[in-house]
Amino acid sequence: MQNHPTSSHGQVPQPDETAPRPGSIAARALGAARPVAYLDNLNPEQKDAILTLDGPLLVLAGAGTGKTRVLTTRIAHILATGRAYPSQILAVTFTNKAAREMKERIGKLVGSAVEGMPWLGTFHTIGVKLLRRHAEMVGLRSDFTILDTDDQIRLMKQLIQAEGIDEKRWPARQLASLIDGWKNKGLGPKDIPEGDARYFGNGRGRELYTAYQDRLKVLNAVDFGDLLLEALRLLREHPDVLADYHRRFRYILVDEYQDTNVVQYMWLRLLAQGSKNICCVGDDDQSIYGWRGAEVDNILRFEKDFPGAKVVRLERNYRSTAHILGAASHLIAHNEARLGKTLFTDAVDPDADKVRVAAAWDSEEEARAIGDEIERLQRHGSNLNEIAILVRASFQMREFEDRFVTLGVPYRVIGGPRFYERQEIRDALAYFRIVSQPADDLAFERIVNTPRRGIGGATVQMLHAYGRANSVPLTDAVHNLLQTEELRGKARTSLTGLMASIERWRNQLDALSHTELAKMILDESGYTEMWQNDRSAEAPGRLENLKELIRSMQDFESMTGFLEHISLVMDRDADDSAEAVSIMTLHSAKGLEFETVFLPGWEEGLFPHQRALDESGRAGLEEERRLAYVGVTRAKKRANIWFASNRRIHGSWQSSIPSRFLDELPEAHVEVVEQGSSYGGYSRSNYGAYGASRFDSQATFGGSSYNTPGWKRAAKTQAFGDGSWSQGTGSGRTPSGVKMIEGELIARSVVGGEAKYDVGARVFHLKFGNGVVFSVDGNKLTVDFDKAGRKKVVDSFVEKI
DNA sequence: AATATGCGGATTTTT
DNA sequence: TCCGCATATT
C-alpha cells in the first residue's frame, strides 16, 4: 500500500499506473469538453513554452514576461488534452503564496480539476507529504512534528551545553545555520567535509550534527532542512518508492528554478528520471537567494543536466516602460555569470519618465524628499497601493515610517516579524502542541513555567537529566518523578496540577471542537490571565493576537490540521484592503509590481552591501546587482533611485559615496535629478563629491531663476522639506552643524535673490496650500494658511499667486 | 524571581 | 546608537 499513494481529492477519476494516452477516448473527451481559449493572446514564445510538452524544457522568463501565465496555462493544457490526470502532475514552488496563486489561476482555467492536484505545492509541503507516507522508512512516525528555527536553536543550545562547549564562542545560532547549510547541500552528518566538521565547537561539528539528528528522531521531529534532505534520502534508499513516483509523475513543473538549492536539485534530477518531462521556469537574473543556499548554477547548467533540453526565452515584457527596461537591462549586462536575455517592450510612450536618480544630503532628507514626492503623486491621483519603497536592509525602513507618520501618509511594512513568530502566539501554540503531542519536549519546556508556576531552572534541569537518562520525553519524566519523592514543594504541586490539566485537555480533543478546546486551554492554564494582568503597553495587542489566533483556527478541521498548517505556512495574507504605500526589502519585492517605485540607499557599502562583497566577492557583487535589477524591474511607470551622502550607521554618521550601480545605468534612460544638474557642468562620475557636490550646487542657486523646475526640485529636497523653519534647526545632530550650514546657505542664497513678499500677499505652499503672508523676517515668512493655520516657512517654498 | 548590568552584534528570509 | 541576551545582583 505504501507504494501506492492514494489520493481522493475531487471527483476526478484516479488512475494508478495508467493515464489516458493522447488520443484515447478519455483524452478526446477531456479535450473536447473545453475549447482552447486559454491559448489565445499568447505570444509565440509563450505558446512554445506551453506546447512543448515532451522532454526537458527550460523557460527563461525575464521579469514581467508572463511567467506565471505560462506555467498555469501549461498545466491547463496538459489537463485539457488529457495527457495526464491532475494527480499525475508535480508542480513545485518556493512559497506558499506562489502555490496558492498558481492553484487559483489554474482553477480559473480548468475549474475544479485543480482540486485533484495533490502534488501542487512548495518543496517543503511535498516533502512533508512524502515523509508522512513513508515515515517509517526514515526512522520517523507519521505524526512527526516540524520544528521551526526557534525550536531548532533551543535544541542545539541544549546539545552544546550537554557537550560542555562554550556557548559564547560557539553560538547555537551559528550551528543552526551551519547544519542548515549542510542540509541544503544534501549532506547528512556522515557526508560533511572534514574541514567543515572540524570547524565548529573545537572540532566537534560532526558530533553535534549527529547528536542533533539523533535527538530529532527521539523527539519524532524534523526541521525544515529535513523535509528536503530526508525526503531525498527516502527516494535514494528505496528504489521501489522512487519507481512508484516515477510512474506517477508524468509532468514535473518547477517555478523559480534559479532559487533551487542542491537538495532540491537532486530531488528533481531523481524524479525526472521517470518521465523526463520536466519544465523549469526561472530567471537567472533574479537569483537573489544565494546566501541561503540557492545555486544559480542549477539554472546555468540546465542544458547539461538534462540532455536534449530545449530552452525558451521570454523577453517580451508587459510591465514596464522602455526606459525602465533599458536601465535595468544595461545594469544587469554588467554581470558575467548569466545566460543572457534582453527585455523589450512594444509599448511606445513618448511621455514616459526616465529612471530618475536623485541625491540627498542624508538619509533623513532622503526620506523627507521621497515623502514629499509621494504626497505629490497622491495629489495627482496616484493610488498609494501602486507606490512602493524598496530598501536593501530593513533598518532603512524606520526613517520612512517616521516620516510617513509625521505626514500622515498611510503605509504598510511588508515582511517584518510574522504573526506566528510572536511570543504570545508561540506560547499558545506550545500549549496546543503539548496537548496533541505528548512527546513534544520543546513545547513542554516553553510552557512549563509560563505563566509563572514556580518551576525554576533547577527543576527543569532535573527533568531533563531524567528524560535523557531514560530516553523518555519530558512529560513522561514528570509523570515518573511524581511517583517518587524527588519533587517537592511548590514544583511538585505545580507540576501535578499542570499534568492533570494537560491530561484533561487531551481528553477533550475529540469531545470539543478545536476552537473551544483552544479557548479552554488558554483560559484554564492562566495564560490569558497572565496578559490581562500585564500592565505593559503591548499586553492588549497580545490578547488581541490570541483572539485572532483562535479565529484563524476556525478555518481548519482539527487541532492537528491546524498545527500542521502553521508549521509549514508561516505567512498570512497582508491586509491590503486599505490604500497604503508599501515599504519592504528588495528581497521581499520579488514577484511584485508597482507603478512607482522608490529605491533609496544606493550607496557603496549599503548597496552593494559591504558584507556581500566581503563574503562572496565577485559572486556577491553580482547577486547584489541582480537585486538592483529586481528593484528597478518592479516599476511599471516610474523608478526613482536615491542616494544619500551621509547615513547613520550603528549610531554614528558616515559619509558615503554613490553606488557603483548608478554608474552602470545608461545615460539615455536616466534623468539625473540633482541640484543644478540639468544644465551641464555636472558629470555623474562627480557624485563622489558628497559634501562638496552639495556646496557646488548651492552656488548655482543665486544665479539661477527660481522658477526653473530644476530649482524647485532642488529646493524641495533641501533640509526642511516641508519648508517649516521652526523645526529641527541643527539640533544636536552629527556631524554637528550640518543642518545649520544648510539653513544659512539657503538663507543667504535667497536673501541675495529676487524673492520679495509683502505682508498680505496671497501665496501658495506645496504642502500647506494657499495662505496670506502675515509677517516677513528676511527670507522667513509667517503665513496664515487657509487650511493649515499659521506657519513659519522659508520664502523659497512658497509662490505668489 | 524580579531587576540591574554588561556584552556583542547589528543584510537579505522561506519553509 | 540601540537592542537582545546572559549573567550578576538583590
Side-chain angles (χ1 to χ4, degrees), chain A residues 92-99 121-128 146-154 157 161 166-169 171-174 177 180 183-184 222-229 231 255-256 259-261 263-264 287-294 390-398 414-418 420-421 423 449-459 490 564-571 584-591 601 605-616 620 623-624 626-628 630-631 647-654 732-734:
Chain A
V92 265
T93 62
F94 274 82
T95 63
N96 291 298
K97 194 176 157 212
T122 65
F123 277 99
H124 296 266
T125 317
I126 287 161
V128 175
I146 302 161
L147 304 187
D148 61 26
T149 324
D150 204 75
D151 293 329
Q152 257 183 80
I153 289 171
R154 286 193 296 144
K157 198 172 278 179
Q161 276 166 353
D166 180 11
E167 292 175 75
K168 279 267 161 74
R169 215 164 107 84
R173 290 198 73 80
Q174 199 188 342
S177 68
D180 213 47
K183 288 184 175 176
N184 282 159
V222 294
D223 62 19
F224 285 122
D226 285 336
L227 294 179
L228 305 177
L229 186 54
D255 191 17
E256 306 276 16
D259 286 338
T260 48
N261 61 32
V263 211
Q264 289 160 337
S287 164
I288 54 174
Y289 285 109
W291 51 275
R292 93 186 175 201
L390 311 181
V391 298
R392 174 68 242 276
S394 42
F395 74 83
Q396 292 173 262
M397 293 179 180
R398 225 199 69 206
I414 316 264
R418 268 154 247 289
Y420 294 116
E421 278 165 16
Q423 183 193 338
N449 201 31
T450 309
R452 298 258 129 85
R453 300 189 171 88
I455 300 166
T459 313
K490 191 150 189 217
E564 164 95 22
H565 172 80
I566 52 153
S567 60
L568 282 172
V569 185
M570 295 291 276
D571 65 345
M584 69 186 95
T585 63
L586 287 160
H587 282 92
S588 37
K590 196 173 77 167
L606 176 59
F607 192 35
H609 201 281
Q610 193 56 47
R611 227 163 128 171
L613 303 181
D614 291 347
E615 285 171 11
S616 318
E623 184 154 314
E624 294 286 298
R626 290 193 290 266
L627 205 46
V630 167
R647 191 172 290 277
R648 193 161 43 184
I649 294 183
H650 309 327
S652 59
W653 286 90
Q654 291 190 343
R733 294 182 61 249
T734 47

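Each chain gets a letter, A, B and so on, in the order the sequences are listed, and its residues count up from 1.
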Under 4.0 Å between any heavy atoms, over every strand shown, what does A:T149 touch: base, sugar-phosphate, or nothing? Just pick one.
-> base
Check the distance between B:dT11's C1' and A:L390's CG and give it to me in whole angstrom.
-> 16 Å
NA contact type, A:E624, heavy-atom cut-off 4.0 Å: base, sugar-phosphate, or nothing?
-> base
So what does A:K590 hit on the nucleic acid, given a heavy-atom distance under 4.0 Å: a base, only sugar-phosphate, or nothing?
-> nothing
Nucleotide nearest A:K157 (side chain, heavy atoms from C-beta), chosen from B:dT15, C:dA6, B:dA10 | C:dA6
Where does B:dT11 land, syn or anti, given syn is within 90° of 0?
-> syn
Just wondering, do A:H609 and B:dT11 stack (centres under 5.5 Å, planes under 30°)?
-> yes
Evaluate whether the aromatic ring of A:W291 and the six-membered ring of the B:dT12 base sit under 5.5 Å apart, centre to centre, with an inclination under 30°.
-> yes
Within less than 4.0 Å of OP1 or OP2 of B:dT11, is there a side-chain N or O belonging to A:S394?
-> no
Which whole-number value in Å describes the distance from A:D150 CG to B:dT13 P?
-> 18 Å
Check: A:H609 ring centre within less than 6.0 Å of A:W291 ring centre | no
Round to a whole Å and report the spacing from CD of A:E167 to P of C:dT7.
-> 6 Å
Would you kindly give the CG-to-P distance between A:N261 and B:dT13, to the nearest whole Å?
-> 18 Å
Give one of base, sugar-phosphate or nothing for A:Q396, where a contact means two heavy atoms less than 4.0 Å apart.
-> nothing
Find the distance A:N184:CG to B:dT15:P and express it as a whole number of Å.
-> 14 Å
Can you check whether any acceptor in the base of B:dT12 is under 3.5 Å from a donor in the side chain of A:R392, or vice versa?
-> yes
Toward the 5' end of DNA chain B, which comes first, A:E615 or A:R292, by nearest nucleotide?
-> A:E615
Residue-phosphate contact under 4.0 Å: A:K168 side-chain N/O, B:dG9 OP1/OP2 | no
Closest heavy-atom pair and its distance - A:L568, A:T125 | CD1-CA, 4.3 Å
Can you tell which of B:dT13, B:dT15, B:dT11 lies closest to the side chain of A:T585?
-> B:dT13
Distance in angstrom units between A:D259 CG and B:dT12 C1', rounded | 13 Å
Could you check whether A:G454 gets within reach of a base, just the sugar-phosphate, or nothing at all, counting any heavy atom under 4.0 Å?
-> sugar-phosphate
Using the P atom on both, measure B:dT12 against C:dC3 and round to a whole Å.
-> 16 Å
What nucleic acid atoms does A:R452 come within less than 4.0 Å of, heavy atoms only: base, sugar-phosphate, or nothing?
-> sugar-phosphate
Flag, side chain of A:Q396 to backbone of A:A393, donor-acceptor distance under 3.5 Å | yes
Give, for atom CD1 of A:I414 and atom CG of A:L390, the distance between the pair rounded to the nearest 0.5 Å.
-> 10.5 Å
A:E256 (side chain) donor-acceptor with A:F94 (main chain) under 3.5 angstrom = no
Roughly, in whole Å, what's the span from CZ in A:R611 to P in B:dA10?
-> 5 Å
In whole angstroms, the gap separating C1' of B:dT11 from CD of A:Q610 amounts to 12 Å
Residues which pass side-chain hydrogen bond (donor to acceptor under 3.5 Å, both in side chains) with A:D150, listed by chain and number, not counting sequence neighbours | A:R426
With rounding to whole Å, what would you report as the distance between B:dT11 and C:dG4 at their P atoms?
-> 15 Å
Do any side-chain nitrogens or oxygens of A:S588 fall under 4.0 Å of OP1 or OP2 in B:dT12?
-> no
